[in-house]
Structures are given as C-alpha cells and as structure tokens.
Amino acid sequence: MKFLRFTIEGEKKTGIFEDGLVKEISGDIFKTWGYTGETYSTEEIEWLVPLEPNQVIGIGANFVTEVDDLPKEGPDMPVFFFKPNSSVIGPSDAIQIPETVDEVKFESELAVVIGKKASGLTEEEVMDHIFGYTIGNDVTAPQYFHENGHWTLGKSFDTFTPLGPVVETEFDHTKAVVEAYHNGERKQSSSTKLMIVTIERMISYLSKVMTLQPGDLILTGSPVGAEFLKENDEIECRIEEIGSLRNPVSKVKQKTSVS
C-alpha cells in the first residue's frame, strides 16, 4: 500500500493512493486504521510529507560504483548522523539555500520507515520491524562539515530533508534503483545491490545502540553522482516502485541570531 498525507480545503488528512485515487483513512497507520469512505482525485489535494518522523538517521558513504568495488566485509563501525525534524519537507516544497552557503549537494536515497519497536535485532529479524519505504533527499552543505569528520551541521539546515511522495509497504528493497534528475538530466542511477552496508545490517547495528520506534526514518545512503544545486534548479529523486520526489530550489536570507 502507498500511504500519504495531504491537505484538502486546508485540512490535513491521511490516505492511501490506489488506482489513481486518494482514499482517505483514519487511525494510526502503525497500529489500527480504516477507510473513511471519502475519495479524492490527485487534482483536488496538496501532497504533504508522507509522515512526520520521530527522528531521521542517515548513513554516510554507503554506495560504490560497481559490484566489483564492494568490500568483502563492511566497516566495523558505519558512519551515522542525525538530521533534525525541522529539516523535513514534502513533495514540491522548496529547498531553501541560505545566502551564506556556497554549495549544496543533492543526495537521492531510499528511506526506511520503522514500524515496530526495535531493540537488539539480528539481521534476520530486521524485515519484520520495517513498515515501509519512501524517497529521501539528503541535502548537504559540505562547507559546514567539521574538519574532524562531523557531518551533522552540514545536513541540518531547514528544508534539507525532502521526503515523499508516499510510504510504500509492498516493496522489495533488494531490487530497487535509486535515481536523481537534476534539471531533467539523470545524474544518479544505482541499484541497492551497490550498498556497502545492507539495510538489514545497518538497522540491526543501530538497534543495538538505540531503541528504534515506529515512525523512525533511516536514510540508507546515496549513489555515486551527486552534484551541486543552485537557485531556480529543480531536483527530482526517483525510485520507480515508490514514485517521484520533486523539489524546486530557492535562495533565502540567513537567519540572524537573537541577542
């Protein structure tokens, strides 16, 4: 199923996208929900970010160019980072580059949505704790990377985590191809088979450090080919079975501190 959030006549709602229509639902998508009987066309609604995640966790440098480049064993300690919820936006929302930021990269990614409380999982147990998948764009300002390798600030600006358009629950992540189109030109296109750390391993690893909860979202890494964005660009992140996440790019004034 393809779960989404949307507004109609200014009211926020949850639904399922099916047969080209949006079918409204009520309840908790992670527990119990049901159809309300209301149905809308896509022309009637405004798409929102498909969920409001509890927390967003990303993994760094997780793709190679060719299968032959995959290491026999992945890193003992994968590089993870957090992104704040204030960075999350939905389909068609603008990625806003602060005027003091020189360069911003797009990074198209498959995002995993946790569906059940997860603690101390083995790799074999991971799939039973995944609710579904969406598309993420891990927008990044490299100039804010710390010289010692800290990445969080460079990934934390408002609007730097577009997500959408839906959360797909019927999805084979092992056969997915992650793509990015920059102003209509394809720049990224890689199978998830080129991941260094598999989804099963990364979630198992995380669950042994922290308890993951329903609604937590894991960005699983970006293929080779990410490039820089500028004002008035459009970036489209695409995974065929999930859909297309399009966002325009604008430039905004830097926030000022309050004395």
Basic-acidic side-chain contact under 4.0 Å: Glu103, Lys105
no

Aromatic contact, Tyr40 with Phe6 (centres under 6.0 Å):
yes

So do Met210 and Ile57 actually touch side chain to side chain, heavy atoms under 4.5 Å?
yes

Quick one: does Ser87's side chain get under 4.5 Å of Ser156's, heavy atoms only?
no

Are the side chain of Lys193 and the backbone of Val67 linked by a donor-acceptor contact shorter than 3.5 Å?
no

Within a strict 4.5 Å, meaning less than it, do heavy atoms of the Pro53 and Asn85 side chains meet?
yes

Is there a donor-acceptor pair under 3.5 Å between the side chain of Asp172 and the backbone N or O of Thr174?
yes

Report the C-alpha distance between Asp128 and Glu125 in whole Å, list the side-chain angles of each, state the deciding distance to 0.1 Å, and finish with yes or no for side chain to side chain contact (heavy atoms under 4.5 Å, CB included).
CA-CA 6 Å; Asp128 188 48; Glu125 293 172 324; 5.9 Å; no

Same hydrophobic cluster for Val79 and Leu206, using side-chain heavy-atom links shorter than 4.5 Å among ILVMFWY?
no

Please determine whether residues Tyr181 and Ile242 belong to a single hydrophobic cluster, defined as Ile, Leu, Val, Met, Phe, Trp and Tyr linked transitively by side-chain heavy-atom distances below 4.5 Å.
no

Restricting to non-hydrogen atoms, name the atom on Ser108 and the atom on Ala180 that form the minimum distance, rounded to 0.1 Å.
CB-CB, 3.8 Å

What's the shortest heavy-atom distance between Cys237 and Ile135, and which atoms?
CB-CG2, 3.6 Å

Would you check if there is a donor-acceptor pair between the side chains of Thr7 and Lys12 at a distance under 3.5 Å?
no

Backbone N/O of Gly90 and side chain of Asn247: donor-acceptor pair under 3.5 Å:
yes

Regarding His173 and Glu200, do their side chains bring together a donor and an acceptor under 3.5 Å, going by distance alone?
yes

Of all heavy-atom pairs between Glu107 and Ala226, which one has the smallest distance, and what is that distance?
CG-CB, 4.1 Å

Please round to the nearest 0.5 Å and tell me the distance separating atom CG of Leu4 and atom CD of Glu18.
11.5 Å

Atom CD of Glu73: over 12 foreign heavy atoms under 6.0 Å:
no

If you measure from the Lys or Arg side-chain nitrogens to the Asp or Glu carboxylate oxygens, is any gap between Glu168 and Lys2 under 4.0 Å?
yes

Asp69 side, atom CG; Ile196 side, atom CD1 - distance, nearest 0.5 Å:
9.0 Å

Same cluster or not: Val178 versus Val197, using hydrophobic residues (I, L, V, M, F, W, Y) connected whenever any side-chain heavy atoms lie under 4.5 Å apart?
yes

Just verifying a value: how many Å separate Asp158 CG and Gln96 CD, rounded to the nearest 0.5 Å?
7.5 Å

Quick check: do Glu234 and Arg246 have side-chain heavy atoms less than 4.5 Å from each other?
yes

Is there a donor-acceptor pair closer than 3.5 Å between any side-chain N or O of Thr134 and the backbone N or O of Val166?
yes

Side-chain donor-acceptor pair under 3.5 Å between Ser222 and Gln188, yes or no?
yes

Correct closest heavy-atom pair for Asp138 and Glu109 would be CB-OE2, 3.3 Å

Given side chain to side chain contact (heavy atoms under 4.5 Å, CB included), test Val177 with Glu240 step by step and report yes or no.
CA-CA 7 Å; Val177 175; Glu240 183 175 349; over 6 Å; no

CG of Leu121 to CG of Leu212, rounded to nearest 0.5 Å, is 7.5 Å

Could you list the cluster mates of Ile29? Members are the ILVMFWY residues connected by side-chain heavy atoms closer than 4.5 Å, either directly or through other members.
Met1, Phe3, Ile16, Ile25, Phe30, Trp33, Tyr35, Val49, Leu51, Val56, Val88, Val113, Phe131, Leu163, Val167, Leu217, Leu219

Just verifying a value: how many Å separate Phe106 CZ and Ile235 CD1, rounded to the nearest 0.5 Å?
4.0 Å

Check the side chains of Lys83 and Thr161 for a donor-acceptor pair under 3.5 angstrom, ignoring hydrogens and angles.
yes

Measure the spacing between CD1 of Ile114 and CD of Gln55 and express it to the nearest 0.5 Å.
9.5 Å

Is there a path of hydrophobic side-chain contacts, each under 4.5 Å between heavy atoms of I/L/V/M/F/W/Y residues, joining Phe63 to Phe81?
no

Hey, does His129 have a side-chain heavy atom less than 4.5 Å from the side chain of Lys117?
no

Determine the minimum heavy-atom distance between Asp233 and His182, stating which atoms define it.
OD2-NE2, 2.8 Å

Does a side-chain N-to-carboxylate-O contact under 4.0 Å join Arg5 and Glu52?
yes

For atom CD of Glu241, decide whether the heavy atoms of other residues, nucleotides or ligands shown that lie under 6.0 angstrom number more than 12.
yes

If you define the side chain from C-beta out and look only at heavy atoms, does anything of Ser204 sit under 4.5 Å from Glu123?
yes

With distance as the sole criterion, is a donor-acceptor pair present between the side chains of Gln213 and Asn54 under 3.5 Å?
no

Would you say that Tyr144 contacts Lys155 through its side chain, given a criterion of any heavy-atom pair below 4.5 Å between the two side chains?
no

Are Glu24 and Thr39 close enough, and set up right, to give a side chain to side chain contact (heavy atoms under 4.5 Å, CB included), and what steps lead you there?
CA-CA 6 Å; Glu24 183 185 343; Thr39 300; over 6 Å; no

Is the side chain of Glu38 donor-acceptor paired with the backbone N or O of Lys23 at a distance under 3.5 Å, no angle test?
no

Do you reckon Val64 sits in the same ILVMFWY cluster as Ile199, going by side-chain contacts under 4.5 Å, direct or chained?
yes

Phe228 to Pro142 - nearest heavy-atom pair and separation:
CE2-CG, 4.1 Å

Salt-bridged, Lys187 to Glu227, with N to O below 4.0 Å?
yes

Do Met195 and Thr220 have side chains that approach each other closer than 4.5 Å (heavy atoms only, starting at C-beta)?
yes

Yes or no on side chain to side chain contact (heavy atoms under 4.5 Å, CB included) for Val252 and Ile97, after CA distance, side-chain angles and deciding distance?
CA-CA 6 Å; Val252 295; Ile97 305 175; over 6 Å; no

